[in-house]
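When a ligand or atom number is given, it counts from 1 through the structure's own listing order.
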Amino acid sequence: MKLFSSKTRPMHLGPFPLERLRRLHAPHDQLPDAPMPVLRFERPEAPQSICNAMAPFQAMMDVLRDGPVNTAGAVIPESPVERANHLKSFGYYNDASMMGVCALPDEAHLATPRRSEGTAQLAEFLRNRQTKTLAAGVDIIMANLRDAVDAPETSIDAHSHALVVLTAHPRDPREDEPGSDWIMDAQAERACLRGTENATVLAEYIRQLGFAAKVHSGTTSDVNLGQLAVAAGLAVWEDGTLQAPWIGSRFGLAVVTTDMELAPDLPLCPFSEQPWSLLKGPHWQLGTHGGVSARDVDPYARRDYAAGPHPFETLKRVDEPTTYIDAPNVPRVPKRGDLFARGQFGDMGPKVQNAMKGGHHVVKSAPSAAQRRLLGALILLQDGPVNDAAPAMADSARNAANLKAASYFLGADAAGLSACPDWTWYSHDATGTPITPPHDQALSLIIDQGFDTMEGSSGDDWIAVSQSMRAYLRFSMLGGVMAQHLRNLGHAAKAHTVMDGDVLQPPLLLLAGLGEVSRIGEVILNPFLGPRLKSGVVTTTLPVDHDKPIDFGLQKFCEACNKCARECPSGAITAGPKKMFNGYEIWKSDSQKCATYRITNQGGAMCGRCMKTCPWNLEGLFAEAPFRWAASNIPAAAPLLAKLDDMVGKGRLNPVKKWWWDIERKPSGQFDTPAQPVNARDLQPDLDLKFEDQTLAVYPAPLAPHPWPYPDPMNREAGIAAHAALLSADEHRRKTAAG
Ligand code: SF4
């Protein structure tokens with residue numbers, strides 16, 4: 001847990017106090033002759049290595065390193081300083097350890113550019129692969145991807161600047177720790193994968209704004225990455241190696257070169273000239289700058305990878321989830337019932353359908369448009385053929401430890417294992433084809449949406465959709481690698497992502513002990529991340545030991561608090577009690593209201609205001625520990641804690657953290673000032689929201705649409721009647737018992 005808050009630390013400064021270091025007065029006359037380490041993703045001699053599974057994902061990003069530039073230049077600030085700070089902030093938002101900027105010197109161009117062999121194989125695969133997803137705009141993404149693999153190489157001769165992404169290694173796994181079978185000797189490849197993901201999004205973003213940009217990774221590059229890290233003030237060349245402050249030589253690099261003018265950083269002075277207190281002394285030990293410190297820079301320094309970064313072992317485990325699930329009577333519903341699919345096919349009327357054309361509700365935000373290209377491409381790697389020649393893996397405890405350790409090593413924020421019962425699968429897939437559940441085990445993963453950016457956001461402004469997309473993309477990458485690895489090892493597996501998934505995730509998160517049902521509705525709230533998360537699931541046939549559900553007192557807390565319902569801009573969250581819906585006991589929200597607001601939001605793009613304003617949306621500070629303890633252990637304190645949260649103004653906007661630009665995609669394709677005022681809401685503590693004043697509609701299984709991809713209009717009057725008819729869990733039990 002952190003001692004000092006980051007609330008006054010602007011996003012572009014990042015987690016390390018780089019701004020406090022001494023720098024040279026001018027760029028280097030000559031850069032060190034830094035070698036480019038050779039990475040090995042393909043390891044036929046070590047089939048257990050997770051690097052094998054990372055290979056197609058790295059190749060996919062190398063295919064997408066370049067792309068068409070938006071011919072309509074965006075209306076953005078002219079200042080090179082502001083542009084540099086903005087792009088660094090975006091890199092930190094993507095979880096870079098350090099970001100730096102430099103002018104691109106001629107000597108950093110490689111005499112022999114590095115090219116990956118994996119991209120040629122992948123290009124052939126991409127030309128032929130079909131998809132069945134319903135997600136809006138995916139056909140455009142696919143056309144774009146096929147163009148990308150056939151496009152000629154472009155030159156970077158006109159690129160003037162470089163943006164450097166540095167990704168630190170966590171602790172090296174120990175051979176004797178549980179779950180280390182797949183993750184030994186994979187640090188460089190892991191850092192390459194994660195850094196390239198970041199750079200791929202940044203480069204696409206710059207191109208969306210109307211400037212040329214190209215990614216350079218450890219596997220495919222036209223420039224010397226190490227030299228640029230020195231030039232951008234992220235590393236020094238000492239004792240024959242590249243060394244970054246506080247990190248040493250344990251990091252990976254990725255670079256974006258561009259023709260956008262950016263204010264460069266100056267190179268660092270040698271370590272011997274840096275203040276001791278900053279590099280090693282009290283400032284670093286305590287983290288006085290509000291970022292990471294020696295105590296918390298690596299969450300795995302004193303924890304096994306299989307245990308994850310958060311102390312789940314301290315939570316109370318229970319045999320059943322804290323909310324009732326009538327498993328034998330859960331009806332399976334078609335994927336077509338997803339509200340975004342319903343909107344896309346016109347079930348929710350022309351206003352919603354028009355707002356979704358070409359994925360406009362997502363790509364109207366520039367950061368989200370940048371994330372969506374890679375997110376769409378990864379659909380192609382979610383599933384695939386299984387290696388039938390692999391030996392069996394029958395040790396369920398060892399399998400469980402390996403799955404968790406590998407997920408955490410790659411960067412998941414929480415991981416849990418459960419059975420994947422038939423009732424968690426949709427009845428029909430996106431094409432209307434009935435689903436026979438192919439897998440009976442599930443690895444559920446959680447990705448943190450990030451505290452800092454949430455602090456600066458109203459939850460429904462121009463960064464909101466990107467916060468979701470960032471987490472969805474991260475899962476598509478990590479979950480995709482995990483599924484690929486299981487298939488490599490002989491077990492069927494599929495990553496179920498936002499773009500293409502066949503299972504309902506909330507019940508699987510409950511079974512895997514990753515959270516409890518919250519008032520928000522379908523959002524499962526995690527005790528360490530609150531509701532500030534997105535999830536994804538990998539289903540498989542690999543036998544694994546299961547986790548148990550958790551009880552951290554949330555049911556009592558949400559009963560005493562209705563802040564999310566009060567603050568919801570669309571009034572979709574119930575202020576009333578839990579009810580049974582399709583066999584689950586939940587606070588059932590009006591998903592139609594929620595989806596309509598998110599899709600047609602004019603003052604931003606999408607919405608996650610419930611996550612932003614919830615008292616469980618915590619920074620992870622030591623000072624927050626008493627709240628967390630009392631909220632979990634003293635049910636009677638819940639009303640007081642909820643009130644206290646309002647009194648201290650938690651959930652308000654923090655302007656220090658607003659790093660993104662409010663720009664909206666116009667019909668011409670140009671990103672420009674939004675037509676409508678930007679949502680910048682404050683809390684409304686005086687609003688006394690009453691359940692009896694709410695009109696909510698729900699669409700249980702009998703009101704679900706047909707499974708096929710054509711219209712089936714929603715009947716809101718029937719939905720309102722269905723809401724009025726919902727039963728409590730006790731009433732449902734009595735009715736079921738009476739037959
Ligand atoms: Fe529960 Fe309050 Fe958070 Fe809503 S805001 S999910 S009621 S704790």
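- Remark: the Lys578 side chain and the Gln555 side chain contain an N/O donor-acceptor pair separated by less than 3.5 Å.
- In this pair, Tyr305 and Tyr300 present their aromatic rings parallel. The plane angle is below 30°, not in the 30 to 60° band.
- A side-chain donor from one of Ser6 and Glu619 sits under 3.5 Å from a side-chain acceptor of the other.
- The shortest side-chain heavy-atom distance between Ile550 and Pro527 falls under the 4.5 Å cut-off.
- Residues Glu567 and Lys612 are not paired through a salt bridge, judged by the lack of any N-O separation under 4.0 Å between the basic side chain and the carboxylate.
- With respect to the salt-bridge test (charged N to carboxylate O, under 4.0 angstrom), the residues Lys404 and Asp547 qualify.
- Protein contacts to atom 2 (Fe) of ligand 1 involving N, O or S atoms at a distance below 2.8 Å are Cys561 SG.
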